[in-house]
Amino acid sequence: MPKRINKEPAEIICPKCRHTEIIYLPQQELPICPECRKGRMVFRELLKEGKSY
């Protein structure tokens with residue numbers, strides 16, 4: 001039986017234009033920003049359930 005990989009939601013942000021997206025980890029690499037196309041987006045926060053502000 002194959003192992004099931006748990007996907008964790010994570011927020012990523014573009015350091016140039018501040019565009020944010022949510023992706024699911026594990027992913028091979030962080031995407032290039034679709035807004036400004038100037039570089040790779042960076043990891044900002046791992047999103048967990050039950051979080052409140």
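Values below: all heavy atoms of this structure, side chains included; hydrogens, waters and symmetry mates excluded.
Residues F43 and L30 share a closest heavy-atom pair of N-CD1, 3.9 Å. Listed here is the closest heavy atom pair of P9 and I22: CB-CG2, 4.3 Å.
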Pairs under 3.5 angstrom only: tabulate donor-acceptor contacts from the side chains of residues 10-20 to other protein residues two or more places apart or in another chain.
from : atom 1 : to  : atom 2 : distance (Å)
H19  : NE2    : E21 : OE2    : 3.3

Could you list the donor-acceptor pairs under 3.5 angstrom formed between side-chain atoms of residues 32-39 and any protein atom two or more places apart in sequence or on another chain?
none

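In this structure R40 satisfies the side-chain hydrogen bond (donor to acceptor under 3.5 Å, both in side chains) test together with E29, sequence neighbours excluded.
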